[in-house]
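Okay, structure first, notes after.
Just so we're on the same page: letters track the sequence lines, and every chain starts at 1. All values reported here derive from a predicted model rather than from experimental measurement.
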Amino acid sequence: MKRAHRAAHRKLWPLLGLVVGAGLLLALILRPPPEGAAATDGGFTVLETLR
Amino acid sequence: MSAGFQAVQWNAAKIRYDAILLGLVALYIGGFIAVAAALSPPADVAGWIDLRLKAFGSCAFLMLSAVLAIGPLARLNPRFLPLLYNRRHLGVATFLVALAHAGFMVEWYILESDIANLAGELTSWADYLNFPAGFPFKTLGLIALLCMLVMAATSHDYWLAFLTPPLWKAIHMGIYLGYGAAALHIALGAMQSNRHPLIPILLFALFGAVTLLHILAARKAAAQDAGDAAQDGWLQVGAAGDIPDGRARIVAPAGGERIAVFRDGNIVAAVSNLCAHQNGPVGEGRVVDGCITCPWHGYEYRVEDGCAPPPFTEKLATYRLRLRDGWLEVQTTPLPPGTPASLMLP
């Protein structure tokens, strides 16, 4: 790898880790509750809300 | 190395590597389907397709994580260099497994007579704001697949020579984007519809480990790249005797490319640290039978002039060396590739 590739690599990975890591974390935290839990709250399932 | 075009330069090491790779892929996919089907037998054809989707999809992500871990592992510890030798075959195999995963998805839509809605799903722009559960995660999978397609299609040495190693490497760094898209594809797809705790655990562990390895390798490279100030165009290497026989000391002028200074008995020679094949770090290789051997793919260059032995034609830029008060110094301006510039030690 040339110096320019190494410099780009050095900047890219912390940024990628941060952006994708935040996306993964939010996707985990904000995911809808399991089907059973949703069914008791409002009378319809998560899948139905998605449709 | 090759003096002419060959589709694949098969040798015993590559055959062994590919056989192990195919065996592991077959074992994972076969094992996944067998165990999952035993635990919860699919009720119909769509169920079986879904099982294959999961098996091939998870296999592709595991393989992509492995592909991306090999580079930094080899930079952090030379023991991993044998894995790097045939990494492109692993990359192409990863693309094929991911392509099969996409194919099963299309098969599922055809079976459900819902194929017309697939394009609609990807272009329902309002859904892109429906994060996380309603997000059209297939778009992210498509981005990852397209990145892998570009890598696989240009993986051959023909494209490497045609595009030149610096441009080829820049294009292939696009796989980092593909990996991020693949991780989010799983997080917004499988992780939303399936509550099994193994999905987030494996996803976070794999993505975290690959990211950490790249950051550690980049940090190590940054320390090596800091470079030393040259005086009147000459950079101090150190005492010639301190360079292990058959090995190199890698130096870098501030802001410049790395230079590998090899010692072969009482001969010292300085060459560009960039292998002419794939810009691999030749300075981390060793001298074998009078030839500097790149640790990545075994490309060879004569110590005295940086030329590959006939019939091969690759050449490395060389650098002038001098001894000053017992210290070896290298001129930071490269000579034209293949220029004899070795120095005989007294």
Chain A contact via [X] - side chain, backbone, both or neither, heavy atoms under 4.5 Å:
| X | answer |
| --- | --- |
| B:Tyr176 | both |
| B:Pro166 | both |
| B:Phe135 | neither |

Options [options], ranked by heavy-atom pairs under 4.5 Å with chain A, top entry:
| options | answer |
| --- | --- |
| B:Cys275, B:Pro281, B:Gly256 | B:Gly256 |
| B:Ile199, B:Leu274, B:Asp225, B:Asn279 | B:Asp225 |
| B:Gln192, B:Met191, B:Arg195 | B:Arg195 |

Practice problem: Can you tell which part of A:Leu12 gets under 4.5 Å to a heavy atom of chain B, answering side chain, backbone, both or neither? | Solution: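 Only the side chain of A:Leu12 comes within 4.5 Å of chain B.
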
Practice problem: Check whether A:Leu25 gets within reach of chain B through its side chain, its backbone, both or neither, counting any heavy atom under 4.5 Å. | Solution: both

Is the ring pair [X]/[Y] parallel, tilted or perpendicular, if the boundaries are 30 and 60 degrees?
| X | Y | answer |
| --- | --- | --- |
| B:Trp159 | B:Phe162 | perpendicular |
| A:His9 | B:His214 | tilted |
| A:Trp13 | B:Phe207 | tilted |

Quiz item: Are side-chain N/O atoms of B:Asn130 and B:Asp127 paired as donor and acceptor at under 3.5 Å?
Solution: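 Side chains of B:Asn130 and B:Asp127: no pair found under 3.5 Å.
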
Exercise. With the side chain counted from C-beta on, respond yes when A:Val20 and B:Leu184 share a heavy-atom pair under 4.5 Å apart, and no when they do not.
Key: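 When only atoms from C-beta onward are counted, B:Leu184 and A:Val20 do touch, with a gap below 4.5 Å.
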
Quiz prompt | Within-4.5 Å side-chain heavy-atom neighbours: B:Leu68 and B:Ile175 | solution = yes

Quiz item: So which of A:Arg6, A:Met1, A:Arg10 has the largest heavy-atom pair count under 4.5 angstrom toward chain B?
Solution: A:Arg6

Quiz prompt | B:Lys169 NZ: over 12 foreign heavy atoms closer than 6.0 Å | solution =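 Counting other residues, nucleotides and ligands, NZ of B:Lys169 exceeds 12 neighbours.
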
